[in-house]
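Data first, discussion second: the structure below is written as C-alpha coordinates.
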There are 2 protein chains.
Amino acid sequence: MNKREFKDKVYGELATITKALANPHRLEIIDLLAQSDYSVEQISTQTGLSMANTSQHLQVLKTAQLVDVTRNGNYIHYKLADSNVFKAWKALRELGIERIATIDKIVKDFRQSKFKFESVTIDELVHKIASGKVTILDVRPEVEYRTGHIADSISIPFDELATRLKELPKRNEIIAYCRGPFCVFADEAVALLVKAGYKAKRLEEGFPDWHLMGLPVELN
Amino acid sequence: MNKREFKDKVYGELATITKALANPHRLEIIDLLAQSDYSVEQISTQTGLSMANTSQHLQVLKTAQLVDVTRNGNYIHYKLADSNVFKAWKALRELGIERIATIDKIVKDFRQSKFKFESVTIDELVHKIASGKVTILDVRPEVEYRTGHIADSISIPFDELATRLKELPKRNEIIAYCRGPFCVFADEAVALLVKAGYKAKRLEEGFPDWHLMGLPVELN
DNA sequence: CAACTATTCAATAGATTTATTGAATAGTTT
DNA sequence: AAACTATTCAATAAATCTATTGAATAGTTG
(Lines give C-alpha, C1' and ligand atoms only; values in the text may rest on other atoms or scores of the structure.)
Protein backbone atom coordinates (compact mmCIF):
# COMPACT_ATOMS: atom_id res chain seq x y z
CA MET A 1 0.00 0.00 0.00
CA ASN A 2 1.47 3.34 -1.01
CA LYS A 3 0.75 6.75 0.47
CA ARG A 4 -1.95 7.60 -2.05
CA GLU A 5 -3.79 4.33 -1.50
CA PHE A 6 -3.56 4.85 2.24
CA LYS A 7 -5.09 8.31 2.01
CA ASP A 8 -7.80 7.17 -0.36
CA LYS A 9 -8.79 4.45 2.08
CA VAL A 10 -8.80 6.63 5.18
CA TYR A 11 -10.63 9.59 3.68
CA GLY A 12 -12.93 7.15 1.89
CA GLU A 13 -13.96 5.52 5.15
CA LEU A 14 -14.46 8.88 6.80
CA ALA A 15 -16.58 10.05 3.89
CA THR A 16 -18.72 6.93 4.24
CA ILE A 17 -19.47 7.73 7.86
CA THR A 18 -20.11 11.38 7.00
CA LYS A 19 -22.52 10.34 4.24
CA ALA A 20 -24.48 8.38 6.81
CA LEU A 21 -25.00 11.68 8.64
CA ALA A 22 -25.66 13.75 5.54
CA ASN A 23 -29.45 13.52 5.40
CA PRO A 24 -32.08 15.72 7.09
CA HIS A 25 -34.07 12.83 8.49
CA ARG A 26 -31.06 10.98 9.80
CA LEU A 27 -29.81 14.11 11.54
CA GLU A 28 -33.23 14.51 13.15
CA ILE A 29 -33.13 10.87 14.26
CA ILE A 30 -29.71 11.35 15.83
CA ASP A 31 -30.88 14.49 17.61
CA LEU A 32 -33.78 12.44 18.98
CA LEU A 33 -31.73 9.40 19.97
CA ALA A 34 -29.35 11.70 21.84
CA GLN A 35 -32.16 12.01 24.42
CA SER A 36 -33.09 8.39 24.89
CA ASP A 37 -33.35 5.14 22.98
CA TYR A 38 -36.58 4.70 21.02
CA SER A 39 -38.35 2.02 18.98
CA VAL A 40 -38.72 2.26 15.22
CA GLU A 41 -42.41 2.99 15.62
CA GLN A 42 -41.75 5.84 18.05
CA ILE A 43 -39.07 7.30 15.80
CA SER A 44 -41.44 7.02 12.88
CA THR A 45 -44.16 8.95 14.74
CA GLN A 46 -41.83 11.64 16.03
CA THR A 47 -40.28 12.33 12.64
CA GLY A 48 -43.38 11.85 10.52
CA LEU A 49 -41.65 9.28 8.31
CA SER A 50 -43.27 6.03 7.21
CA MET A 51 -42.27 2.89 9.07
CA ALA A 52 -40.42 1.42 6.12
CA ASN A 53 -38.60 4.65 5.42
CA THR A 54 -37.68 5.09 9.07
CA SER A 55 -36.35 1.55 9.12
CA GLN A 56 -34.25 2.16 6.03
CA HIS A 57 -32.67 5.25 7.51
CA LEU A 58 -31.95 3.35 10.70
CA GLN A 59 -30.27 0.63 8.65
CA VAL A 60 -27.99 3.26 7.14
CA LEU A 61 -27.04 4.51 10.60
CA LYS A 62 -26.53 0.94 11.79
CA THR A 63 -24.31 0.02 8.86
CA ALA A 64 -22.20 3.07 9.62
CA GLN A 65 -22.01 1.86 13.24
CA LEU A 66 -23.52 5.06 14.56
CA VAL A 67 -26.36 3.33 16.44
CA ASP A 68 -26.78 0.16 18.48
CA VAL A 69 -29.81 -2.11 18.44
CA THR A 70 -31.50 -4.04 21.22
CA ARG A 71 -34.77 -5.92 21.33
CA ASN A 72 -37.26 -5.01 24.01
CA GLY A 73 -40.25 -7.36 23.96
CA ASN A 74 -41.91 -6.97 20.62
CA TYR A 75 -40.08 -3.75 19.87
CA ILE A 76 -36.61 -3.06 18.59
CA HIS A 77 -34.87 -0.14 20.23
CA TYR A 78 -32.20 2.02 18.67
CA LYS A 79 -29.73 4.17 20.56
CA LEU A 80 -26.61 6.19 19.76
CA ALA A 81 -23.50 4.01 19.67
CA ASP A 82 -21.46 6.33 21.87
CA SER A 83 -20.89 9.94 22.83
CA ASN A 84 -18.68 10.58 19.80
CA VAL A 85 -21.79 10.41 17.65
CA PHE A 86 -23.39 13.20 19.63
CA LYS A 87 -20.13 15.15 19.56
CA ALA A 88 -20.01 14.98 15.76
CA TRP A 89 -23.66 16.01 15.49
CA LYS A 90 -23.02 18.88 17.90
CA ALA A 91 -20.02 20.05 15.87
CA LEU A 92 -22.08 20.03 12.67
CA ARG A 93 -24.94 21.78 14.40
CA GLU A 94 -22.65 24.52 15.71
CA LEU A 95 -20.92 24.86 12.37
CA GLY A 96 -24.33 25.38 10.82
CA ILE A 97 -25.59 27.85 13.39
CA GLU A 98 -22.44 29.96 13.41
CA ARG A 99 -21.56 29.75 9.75
CA ILE A 100 -24.81 29.63 7.78
CA ALA A 101 -26.81 32.78 8.27
CA THR A 102 -29.88 31.01 6.86
CA ILE A 103 -30.03 28.56 9.75
CA ASP A 104 -29.67 31.21 12.40
CA LYS A 105 -32.36 33.20 10.64
CA ILE A 106 -34.80 30.29 10.38
CA VAL A 107 -34.41 29.57 14.09
CA LYS A 108 -34.70 33.21 15.18
CA ASP A 109 -37.62 33.95 12.86
CA PHE A 110 -39.59 30.95 14.02
CA ARG A 111 -38.98 31.63 17.67
CA GLN A 112 -39.59 35.35 17.51
CA SER A 113 -42.77 35.03 15.50
CA LYS A 114 -44.33 33.16 18.40
CA PHE A 115 -42.28 33.57 21.53
CA LYS A 116 -40.45 36.79 22.20
CA PHE A 117 -38.45 35.70 25.20
CA GLU A 118 -34.85 35.78 26.25
CA SER A 119 -32.83 32.61 26.57
CA VAL A 120 -29.98 31.60 28.82
CA THR A 121 -26.81 29.68 27.94
CA ILE A 122 -25.46 26.75 29.91
CA ASP A 123 -22.68 28.92 31.34
CA GLU A 124 -25.21 31.51 32.49
CA LEU A 125 -27.36 28.84 34.09
CA VAL A 126 -24.37 27.48 35.99
CA HIS A 127 -23.80 30.94 37.43
CA LYS A 128 -27.46 31.38 38.32
CA ILE A 129 -27.45 28.08 40.19
CA ALA A 130 -24.34 29.06 42.11
CA SER A 131 -25.67 32.44 43.12
CA GLY A 132 -29.36 32.16 43.82
CA LYS A 133 -32.69 30.43 43.68
CA VAL A 134 -33.50 28.87 40.33
CA THR A 135 -36.01 26.18 39.43
CA ILE A 136 -34.85 24.02 36.53
CA LEU A 137 -37.74 22.59 34.57
CA ASP A 138 -37.45 19.65 32.16
CA VAL A 139 -40.32 19.80 29.67
CA ARG A 140 -39.31 16.81 27.55
CA PRO A 141 -41.40 13.62 27.46
CA GLU A 142 -41.04 11.74 30.70
CA VAL A 143 -39.05 8.82 29.19
CA GLU A 144 -36.30 11.21 28.27
CA TYR A 145 -36.26 12.71 31.77
CA ARG A 146 -36.06 9.21 33.21
CA THR A 147 -33.12 8.31 30.95
CA GLY A 148 -31.16 11.28 32.23
CA HIS A 149 -31.71 14.85 33.36
CA ILE A 150 -30.01 17.88 34.87
CA ALA A 151 -29.43 17.36 38.60
CA ASP A 152 -32.25 18.78 40.75
CA SER A 153 -34.49 19.48 37.78
CA ILE A 154 -38.24 18.91 37.89
CA SER A 155 -40.04 16.97 35.16
CA ILE A 156 -43.27 18.35 33.76
CA PRO A 157 -43.67 17.35 30.11
CA PHE A 158 -45.04 20.21 28.06
CA ASP A 159 -48.46 18.61 27.41
CA GLU A 160 -49.06 18.43 31.15
CA LEU A 161 -47.68 21.82 32.05
CA ALA A 162 -50.96 23.75 31.88
CA THR A 163 -52.62 21.48 34.44
CA ARG A 164 -49.61 21.10 36.72
CA LEU A 165 -48.58 24.74 37.10
CA LYS A 166 -49.19 24.72 40.84
CA GLU A 167 -46.21 22.38 41.30
CA LEU A 168 -43.89 25.25 40.49
CA PRO A 169 -42.79 27.76 43.15
CA LYS A 170 -43.82 31.25 42.10
CA ARG A 171 -40.97 33.11 43.79
CA ASN A 172 -38.11 31.39 41.90
CA GLU A 173 -36.99 32.17 38.40
CA ILE A 174 -37.73 29.17 36.19
CA ILE A 175 -35.36 27.92 33.51
CA ALA A 176 -37.05 25.50 31.12
CA TYR A 177 -34.98 23.17 28.97
CA CYS A 178 -35.62 20.46 26.42
CA ARG A 179 -33.70 18.59 23.76
CA GLY A 180 -31.49 21.23 22.24
CA PRO A 181 -31.49 24.50 20.32
CA PHE A 182 -34.00 23.23 17.74
CA CYS A 183 -36.48 21.97 20.30
CA VAL A 184 -39.41 24.33 20.87
CA PHE A 185 -41.05 22.64 23.87
CA ALA A 186 -39.01 24.98 26.02
CA ASP A 187 -40.18 28.07 24.13
CA GLU A 188 -43.79 26.98 24.39
CA ALA A 189 -43.32 26.31 28.09
CA VAL A 190 -41.83 29.75 28.71
CA ALA A 191 -44.70 31.38 26.83
CA LEU A 192 -47.20 29.55 29.01
CA LEU A 193 -45.32 30.30 32.23
CA VAL A 194 -44.87 34.00 31.57
CA LYS A 195 -48.55 34.31 30.75
CA ALA A 196 -49.34 32.68 34.09
CA GLY A 197 -47.23 35.24 35.92
CA TYR A 198 -44.00 33.32 36.38
CA LYS A 199 -40.53 34.65 35.66
CA ALA A 200 -39.22 32.17 33.11
CA LYS A 201 -36.55 31.79 30.42
CA ARG A 202 -35.46 28.90 28.22
CA LEU A 203 -32.07 27.23 28.20
CA GLU A 204 -30.51 27.63 24.76
CA GLU A 205 -28.93 24.19 24.61
CA GLY A 206 -30.30 20.82 25.67
CA PHE A 207 -29.69 18.07 28.16
CA PRO A 208 -27.10 16.19 26.03
CA ASP A 209 -25.01 19.37 25.79
CA TRP A 210 -25.14 19.81 29.56
CA HIS A 211 -24.19 16.18 30.07
CA LEU A 212 -21.28 16.36 27.62
CA MET A 213 -19.85 19.32 29.52
CA GLY A 214 -19.52 17.13 32.59
CA LEU A 215 -22.04 19.14 34.63
CA PRO A 216 -24.12 17.43 37.34
CA VAL A 217 -26.76 15.01 36.07
CA GLU A 218 -28.95 12.19 37.33
CA LEU A 219 -28.87 9.14 35.10
CA ASN A 220 -30.86 5.98 35.03
CA MET B 1 -44.57 28.08 9.46
CA ASN B 2 -45.53 25.16 11.68
CA LYS B 3 -43.26 23.01 13.79
CA ARG B 4 -42.79 20.35 11.12
CA GLU B 5 -41.87 22.89 8.45
CA PHE B 6 -39.44 24.51 10.87
CA LYS B 7 -37.69 21.22 11.59
CA ASP B 8 -37.59 20.26 7.92
CA LYS B 9 -35.91 23.56 7.12
CA VAL B 10 -33.35 23.42 9.92
CA TYR B 11 -32.34 19.79 9.49
CA GLY B 12 -32.45 20.30 5.72
CA GLU B 13 -29.93 23.12 5.89
CA LEU B 14 -27.71 21.15 8.23
CA ALA B 15 -27.84 18.16 5.90
CA THR B 16 -26.80 20.41 3.02
CA ILE B 17 -23.69 21.51 4.88
CA THR B 18 -22.97 17.94 5.95
CA LYS B 19 -23.31 16.76 2.33
CA ALA B 20 -20.65 19.26 1.36
CA LEU B 21 -18.31 17.44 3.74
CA ALA B 22 -19.40 13.94 2.77
CA ASN B 23 -16.85 13.19 0.07
CA PRO B 24 -13.35 11.69 0.42
CA HIS B 25 -11.65 14.34 -1.71
CA ARG B 26 -13.37 17.23 0.00
CA LEU B 27 -12.39 15.90 3.41
CA GLU B 28 -8.81 15.65 2.21
CA ILE B 29 -8.97 19.21 0.92
CA ILE B 30 -10.27 20.44 4.27
CA ASP B 31 -7.53 18.57 6.11
CA LEU B 32 -5.04 20.30 3.83
CA LEU B 33 -6.55 23.79 4.08
CA ALA B 34 -6.48 23.46 7.87
CA GLN B 35 -2.71 23.93 7.54
CA SER B 36 -2.56 26.92 5.24
CA ASP B 37 -4.37 28.48 2.33
CA TYR B 38 -3.47 27.07 -1.07
CA SER B 39 -4.17 27.74 -4.75
CA VAL B 40 -6.33 25.46 -6.85
CA GLU B 41 -3.26 24.22 -8.67
CA GLN B 42 -1.47 23.35 -5.44
CA ILE B 43 -4.53 21.58 -4.08
CA SER B 44 -4.83 19.71 -7.34
CA THR B 45 -1.21 18.50 -7.12
CA GLN B 46 -1.40 17.53 -3.46
CA THR B 47 -4.59 15.52 -3.88
CA GLY B 48 -3.89 14.06 -7.31
CA LEU B 49 -7.17 15.38 -8.69
CA SER B 50 -7.48 17.08 -12.08
CA MET B 51 -7.70 20.86 -12.09
CA ALA B 52 -11.32 20.90 -13.25
CA ASN B 53 -12.33 18.32 -10.68
CA THR B 54 -10.49 20.12 -7.89
CA SER B 55 -12.21 23.33 -8.88
CA GLN B 56 -15.62 21.66 -8.82
CA HIS B 57 -15.05 20.30 -5.33
CA LEU B 58 -13.90 23.72 -4.19
CA GLN B 59 -17.09 25.23 -5.62
CA VAL B 60 -19.11 22.80 -3.52
CA LEU B 61 -17.22 23.86 -0.40
CA LYS B 62 -17.60 27.51 -1.33
CA THR B 63 -21.35 27.21 -1.90
CA ALA B 64 -21.65 25.61 1.52
CA GLN B 65 -19.67 28.57 2.91
CA LEU B 66 -16.99 26.31 4.32
CA VAL B 67 -14.12 28.07 2.52
CA ASP B 68 -13.19 31.65 1.63
CA VAL B 69 -11.57 32.78 -1.60
CA THR B 70 -8.97 35.45 -2.28
CA ARG B 71 -7.01 36.28 -5.38
CA ASN B 72 -3.25 36.39 -5.11
CA GLY B 73 -1.69 37.59 -8.37
CA ASN B 74 -2.60 35.10 -11.03
CA TYR B 75 -3.66 32.49 -8.49
CA ILE B 76 -6.84 32.05 -6.52
CA HIS B 77 -6.33 30.97 -2.95
CA TYR B 78 -8.77 29.00 -0.85
CA LYS B 79 -8.80 28.82 2.94
CA LEU B 80 -11.08 27.47 5.64
CA ALA B 81 -13.87 29.90 6.48
CA ASP B 82 -13.35 29.66 10.25
CA SER B 83 -12.28 27.36 13.04
CA ASN B 84 -15.71 25.73 13.25
CA VAL B 85 -14.96 24.00 9.95
CA PHE B 86 -11.86 22.42 11.43
CA LYS B 87 -13.79 21.55 14.58
CA ALA B 88 -16.41 19.69 12.56
CA TRP B 89 -13.74 17.87 10.56
CA LYS B 90 -11.95 16.95 13.78
CA ALA B 91 -15.15 15.61 15.32
CA LEU B 92 -15.82 13.46 12.26
CA ARG B 93 -12.21 12.27 12.22
CA GLU B 94 -12.36 11.27 15.88
CA LEU B 95 -15.73 9.62 15.44
CA GLY B 96 -14.19 7.58 12.64
CA ILE B 97 -11.03 6.65 14.50
CA GLU B 98 -12.77 5.67 17.71
CA ARG B 99 -15.87 4.10 16.24
CA ILE B 100 -14.88 2.40 12.99
CA ALA B 101 -12.40 -0.38 13.60
CA THR B 102 -11.55 -0.39 9.89
CA ILE B 103 -10.10 3.11 10.02
CA ASP B 104 -7.99 2.44 13.08
CA LYS B 105 -6.75 -0.73 11.42
CA ILE B 106 -5.86 0.95 8.12
CA VAL B 107 -3.87 3.59 9.96
CA LYS B 108 -2.11 1.16 12.28
CA ASP B 109 -1.36 -1.35 9.52
CA PHE B 110 0.11 1.26 7.23
CA ARG B 111 2.25 2.80 9.92
CA GLN B 112 3.44 -0.44 11.42
CA SER B 113 4.33 -1.99 8.09
CA LYS B 114 6.91 0.71 7.58
CA PHE B 115 7.61 2.51 10.81
CA LYS B 116 7.50 0.67 14.10
CA PHE B 117 7.81 3.65 16.41
CA GLU B 118 5.95 4.96 19.38
CA SER B 119 3.99 8.16 19.20
CA VAL B 120 3.19 10.85 21.74
CA THR B 121 -0.10 12.65 22.34
CA ILE B 122 -0.46 16.40 22.73
CA ASP B 123 -0.99 16.03 26.47
CA GLU B 124 2.17 13.98 26.79
CA LEU B 125 4.15 16.50 24.78
CA VAL B 126 2.95 19.31 27.03
CA HIS B 127 4.32 17.39 30.03
CA LYS B 128 7.59 16.68 28.30
CA ILE B 129 8.05 20.36 27.53
CA ALA B 130 7.35 21.31 31.13
CA SER B 131 9.72 18.77 32.59
CA GLY B 132 12.77 18.53 30.37
CA LYS B 133 14.68 19.12 27.18
CA VAL B 134 12.68 18.40 24.04
CA THR B 135 13.25 19.54 20.47
CA ILE B 136 10.01 20.01 18.57
CA LEU B 137 10.44 19.47 14.85
CA ASP B 138 7.96 20.63 12.22
CA VAL B 139 8.39 18.52 9.07
CA ARG B 140 5.57 20.05 7.02
CA PRO B 141 6.28 22.12 3.90
CA GLU B 142 7.72 25.48 4.84
CA VAL B 143 4.62 27.49 3.81
CA GLU B 144 2.62 25.68 6.41
CA TYR B 145 5.23 26.36 9.08
CA ARG B 146 5.23 30.01 8.11
CA THR B 147 1.45 30.21 8.38
CA GLY B 148 1.58 28.93 11.94
CA HIS B 149 3.53 26.50 14.08
CA ILE B 150 4.02 25.22 17.62
CA ALA B 151 5.95 27.77 19.68
CA ASP B 152 9.71 27.12 19.71
CA SER B 153 9.51 24.45 17.04
CA ILE B 154 12.14 24.12 14.32
CA SER B 155 11.17 23.84 10.66
CA ILE B 156 12.87 21.20 8.51
CA PRO B 157 10.51 19.99 5.78
CA PHE B 158 10.79 16.24 5.34
CA ASP B 159 12.43 16.43 1.88
CA GLU B 160 15.31 18.43 3.35
CA LEU B 161 15.70 16.46 6.55
CA ALA B 162 18.39 14.05 5.32
CA THR B 163 20.72 16.88 4.35
CA ARG B 164 19.99 19.11 7.35
CA LEU B 165 20.35 16.59 10.17
CA LYS B 166 23.24 18.46 11.72
CA GLU B 167 20.88 21.30 12.69
CA LEU B 168 19.36 19.05 15.33
CA PRO B 169 20.94 18.67 18.79
CA LYS B 170 21.78 15.05 19.42
CA ARG B 171 21.29 15.09 23.19
CA ASN B 172 17.60 16.14 23.16
CA GLU B 173 14.67 13.89 22.48
CA ILE B 174 13.04 14.97 19.22
CA ILE B 175 9.27 15.08 18.71
CA ALA B 176 8.35 15.40 15.04
CA TYR B 177 4.90 16.63 14.04
CA CYS B 178 3.05 17.34 10.82
CA ARG B 179 -0.51 17.87 9.68
CA GLY B 180 -2.49 15.41 11.73
CA PRO B 181 -3.00 11.73 12.47
CA PHE B 182 -3.21 10.80 8.77
CA CYS B 183 -0.04 12.62 7.80
CA VAL B 184 2.97 10.34 7.44
CA PHE B 185 5.74 12.94 7.04
CA ALA B 186 6.26 12.66 10.78
CA ASP B 187 6.57 8.85 10.64
CA GLU B 188 9.06 9.08 7.83
CA ALA B 189 11.02 11.69 9.74
CA VAL B 190 11.16 9.56 12.88
CA ALA B 191 12.35 6.57 10.85
CA LEU B 192 15.15 8.67 9.38
CA LEU B 193 16.12 10.21 12.71
CA VAL B 194 16.21 6.94 14.63
CA LYS B 195 18.36 5.41 11.93
CA ALA B 196 20.76 8.34 12.31
CA GLY B 197 21.05 7.71 16.03
CA TYR B 198 18.59 10.27 17.39
CA LYS B 199 15.96 9.57 20.02
CA ALA B 200 12.75 10.54 18.21
CA LYS B 201 8.98 10.04 18.33
CA ARG B 202 6.10 11.46 16.37
CA LEU B 203 3.26 13.58 17.71
CA GLU B 204 -0.03 11.77 17.13
CA GLU B 205 -2.08 14.85 16.25
CA GLY B 206 -1.18 17.84 14.11
CA PHE B 207 -0.60 21.56 14.39
CA PRO B 208 -4.28 22.54 13.96
CA ASP B 209 -5.21 20.32 16.90
CA TRP B 210 -2.52 21.94 19.06
CA HIS B 211 -3.70 25.38 18.01
CA LEU B 212 -7.36 24.60 18.74
CA MET B 213 -6.45 23.52 22.28
CA GLY B 214 -5.16 27.01 22.93
CA LEU B 215 -1.55 25.90 23.42
CA PRO B 216 1.33 28.26 22.57
CA VAL B 217 1.82 28.94 18.86
CA GLU B 218 3.56 31.41 16.58
CA LEU B 219 1.35 32.72 13.82
CA ASN B 220 1.98 34.80 10.76
C1' DC C 1 -47.51 -24.30 17.36
C1' DA C 2 -50.43 -20.94 15.37
C1' DA C 3 -51.41 -16.22 15.17
C1' DC C 4 -49.79 -11.82 15.52
C1' DT C 5 -47.02 -7.76 15.02
C1' DA C 6 -43.03 -4.81 14.65
C1' DT C 7 -39.60 -4.50 11.63
C1' DT C 8 -37.05 -5.42 7.47
C1' DC C 9 -36.38 -6.48 2.68
C1' DA C 10 -36.75 -6.05 -2.47
C1' DA C 11 -37.90 -3.68 -6.44
C1' DT C 12 -38.39 0.51 -8.69
C1' DA C 13 -38.47 5.29 -10.53
C1' DG C 14 -36.92 9.84 -9.90
C1' DA C 15 -33.42 12.79 -8.14
C1' DT C 16 -28.71 13.82 -6.97
C1' DT C 17 -23.64 13.16 -7.11
C1' DT C 18 -19.36 12.43 -9.48
C1' DA C 19 -15.36 12.48 -12.91
C1' DT C 20 -14.25 13.62 -17.50
C1' DT C 21 -13.94 16.34 -21.47
C1' DG C 22 -13.32 20.45 -23.86
C1' DA C 23 -14.63 25.14 -24.19
C1' DA C 24 -15.24 29.74 -21.89
C1' DT C 25 -13.88 33.40 -18.72
C1' DA C 26 -11.68 36.82 -15.95
C1' DG C 27 -7.92 38.92 -14.53
C1' DT C 28 -2.91 39.77 -15.06
C1' DT C 29 1.08 40.72 -17.54
C1' DT C 30 3.63 42.48 -21.38
C1' DA D 1 -4.90 46.17 -26.26
C1' DA D 2 -3.17 41.50 -27.12
C1' DA D 3 -1.50 37.44 -25.24
C1' DC D 4 -1.41 34.48 -21.57
C1' DT D 5 -2.83 31.56 -17.81
C1' DA D 6 -5.24 29.92 -13.77
C1' DT D 7 -9.62 28.84 -12.93
C1' DT D 8 -14.42 27.95 -13.92
C1' DC D 9 -18.29 26.42 -16.57
C1' DA D 10 -21.34 23.23 -19.29
C1' DA D 11 -22.56 18.91 -20.89
C1' DT D 12 -22.72 14.17 -20.16
C1' DA D 13 -22.78 9.29 -18.61
C1' DA D 14 -22.19 6.27 -14.76
C1' DA D 15 -23.01 5.62 -10.05
C1' DT D 16 -25.42 6.48 -5.89
C1' DC D 17 -29.29 8.08 -2.95
C1' DT D 18 -34.17 8.40 -1.70
C1' DA D 19 -39.27 7.47 -0.85
C1' DT D 20 -42.83 4.38 -1.95
C1' DT D 21 -45.05 0.14 -2.39
C1' DG D 22 -46.14 -4.35 -1.06
C1' DA D 23 -44.35 -8.65 0.40
C1' DA D 24 -41.33 -11.31 3.64
C1' DT D 25 -39.32 -12.29 8.15
C1' DA D 26 -38.26 -13.09 12.87
C1' DG D 27 -39.46 -13.17 17.24
C1' DT D 28 -43.05 -12.94 20.83
C1' DT D 29 -47.33 -14.06 22.78
C1' DG D 30 -51.39 -16.70 23.67
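Throughout, a chain's letter reflects where its sequence line sits, starting with A, and its residues are numbered from 1. These numbers come from the heavy atoms of this one structure, side chains and all, not from hydrogens, waters or symmetry mates.
Residue A:R26 has a polar side-chain atom (N or O) positioned under 4.0 Å from OP1 or OP2 of D:dT18. Look at A:Y38 and you won't find any side-chain N or O under 4.0 angstrom from OP1 or OP2 of C:dT7.
Residue-level contact check: A:H25 touches the backbone only, with heavy atoms under 4.0 Å from sugar-phosphate atoms and none from bases.
Aromatic ring orientation, A:H57 versus A:H25: tilted (interplanar angle from 30° to 60°). Using bins of under 30°, 30° to 60° and over 60° for the plane-to-plane angle, the ring pair B:Y145/B:H149 lands in the parallel bin. By the 30° and 60° cut-offs, the orientation of the rings of B:H211 relative to B:F207 is parallel.
Inter-residue side-chain proximity for A:I97 and A:F182 is flagged as met; some heavy-atom pair is nearer than 4.5 Å.
For B:N74, taking side-chain heavy atoms from C-beta onward, the closest of the listed nucleotides D:dT7, C:dT29, C:dT7 is C:dT29. Relative to the side chain of A:A52, the nucleotides D:dG22, C:dG22, D:dT7 differ in distance, and D:dG22 lies closest. Considering only side-chain atoms of B:I76, the nucleotide from D:dT8, C:dT7, C:dT17 that sits closest is D:dT8.
For B:Q42, the side-chain hydrogen bond (donor to acceptor under 3.5 Å, both in side chains) test picks out B:S39, with sequence neighbours left out.
When only modelled atom types and interatomic distance are considered, B:Y78 and B:D37 share no side-chain donor-acceptor pair under 3.5 Å. Remark: the B:S119 side chain and the B:E204 side chain contain an N/O donor-acceptor pair separated by less than 3.5 Å.
Comparing the axis of the opening five pairs of the helix from C:dC1-D:dG30 to C:dT30-D:dA1 with that of the closing five pairs yields an angle of 30°, rounded to 10°.
Nearest-nucleotide positions on DNA chain D place A:K19 closer to the 5' end than the other of A:K19 and A:S50.
In this structure, A:D152 places its CG atom where only 12 or fewer heavy-atom neighbours from other residues, nucleotides or ligands lie under 6.0 Å away.
In this structure, A:D8 atom CG and C:dA19 atom P are separated by 11 Å, rounded to whole Å. For the pair B:N53 CG and C:dT21 P, the interatomic distance rounds to 11 Å; values are reported in whole Å. Summarising the geometry, the separation between CE on A:M51 and P on D:dT25 is reported as 17 Å, rounded to the nearest angstrom. Rounded to whole Å, atom C1' of C:dT18 lies 17 Å from atom CG of B:L21. The CZ-P distance, from B:R71 to D:dT7, rounds to 8 Å in whole Å. Atom OH in A:Y75 sits roughly 10 Å away from atom P in C:dT5 (whole-Å rounding). Here the C1' atom of nucleotide D:dA6 and the CG atom of B:N72 are 12 Å apart, to the nearest Å. As a whole-Å value, the separation of B:Y78 OH from D:dT8 C1' is 8 Å.
Shown for residues 54-62 of chain B: residues whose heavy atoms fall under 4.0 angstrom of DNA chain D, namely B:S55, B:Q56, B:Q59.
Ion pairing of B:D209 with B:R93 is present here, as a side-chain N (NZ or NE/NH1/NH2) and a carboxylate O approach within less than 4.0 Å. Between A:K87 and B:E98 no salt bridge is recorded (no basic side-chain N to carboxylate O distance below 4.0 Å).
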